[in-house]
Amino acid sequence: MNTPATNIEDESPIRDLYKHWINAWNAHNAQHNAHDMAALVTEDGLIVGFDGSQMNGRAEVEATLSQIFADHVTAPYIGIVRSVHFLAPDVALLAAVVGMVPPGQTDINPPTNAIQSLVATRMDGQWRMSLFQNTPAAFHGRPDLSEQLTAELRAALKASPISL
């Protein structure tokens with residue numbers, strides 16, 4: 001039985017895939033954002049949005065995101081990768097947390113903090129997203145966890161500001 005790779009060098013393509021996803025969202029270029037993001041998804045990939053909406057497949061991802069970017073200025077993300085775990089040599093799970101900075105503002109908006117999960121699959125030597133889920137970090141009844149996450153995201157924002 002093959003043991004999945006777990007060293008830091010093996011994580012970099014997965015972290016890069018996530019970074020490209022976040023950077024494409026943050027680019028604020030409606031003509032390219034959706035196309036660039038969809039290119040990171042497998043043909044049959046599933047994206048689950050913050051509100052529970054689903055996009056099935058690369059074509060639907062591009063069409064839906066094109067409409068989102070055409071209709072509004074999206075808030076940029078500040079993200080922190082928590083972990084990357086290889087489930088098999090060609091399948092990895094990335095766990096991250098994110099906050100959003102509303103357009104025209106300079107601080108994290110805590111109600112939009114989220115937990116993000118990404119399942120990456122390597123096919124033909126290319127890593128793509130098979131599943132991406134963006135879940136609200138509501139922490140019902142545990143305001144200390146919400147405050148802790150917001151403080152951590154604010155520190156990350158201060159260390160690496162987003163161009164607003």
- Taking only residues two or more places apart in sequence or in another chain, which ones pass ring-ring contact (aromatic ring centres under 6.0 Å, His included) with W127? none

- Query: What residues, two or more places apart in sequence or in another chain, satisfy ring-ring contact (aromatic ring centres under 6.0 Å, His included) together with Y18?
  - Reply: none

- Message: Between S160 (side chain only) and L157 (backbone N and O only), is there a donor and an acceptor less than 3.5 Å apart?
- Response: no

In Å and rounded to the nearest 0.5 Å, what is the [atom1] to [atom2] distance from [X] to [Y]?
| X | Y | atom1 | atom2 | value |
| --- | --- | --- | --- | --- |
| W25 | T74 | CH2 | OG1 | 5.0 Å |
| M129 | S117 | CE | OG | 11.0 Å |
| K19 | I14 | NZ | CD1 | 15.0 Å |

- Note on the structure: For P13 and D10, the nearest pair of non-hydrogen atoms, with its separation, is CD-O, 3.2 Å

- Work out which heavy atom in P102 is nearest to a heavy atom in A75; give both atom names and the distance. CA-CB, 4.0 Å

- Query: So do F139 and E147 actually touch side chain to side chain, heavy atoms under 4.5 Å?
  - Reply: no

- Message: Does any part of the side chain of V61, heavy atoms only, come nearer than 4.5 Å to the side chain of F132, both counted from C-beta?
- Response: no

- May I have all residue pairs that pass side chain to side chain donor-acceptor pair (under 3.5 Å) and include part of residues 129-146, sequence neighbours excluded? Y77-N134, Q116-N134, T121-S130, Q133-T135

What residues, two or more places apart in sequence or in another chain, satisfy side chain to side chain contact (heavy atoms under 4.5 Å, CB included) together with [X]?
| X | result |
| --- | --- |
| T64 | M55, E60, I68 |
| N113 | I108, P110, A137, L149, T150, L153 |
| A156 | I78, I80 |
| E62 | A34, H35, A38, S66 |

Per the salt bridge (charged side-chain N to carboxylate O under 4.0 Å, His left out) rule, what does the pair list look like for [range], sequence neighbours excluded?
| range | value |
| --- | --- |
| residues 71-81 | none |
| residues 42-59 | E43-R58 |
| residues 121-134 | D90-R122 |

- Item | Over 12 foreign heavy atoms within 6.0 Å of CD, Q67 | no

What pairs of donor and acceptor atoms, side-chain ones from residues 92-100 against any protein atom, are under 3.5 angstrom apart with sequence neighbours left out?
none

- Given V119, L131, V41, the one that forms side chain to side chain contact (heavy atoms under 4.5 Å, CB included) with L46: L131

- Message: Please identify which of these residues, L118, I47, D36, meets the side chain to side chain contact (heavy atoms under 4.5 Å, CB included) condition with W21.
- Response: I47

- Item | Sequence-distant partners of E152, side chain to side chain donor-acceptor pair (under 3.5 Å), two or more places apart | R82

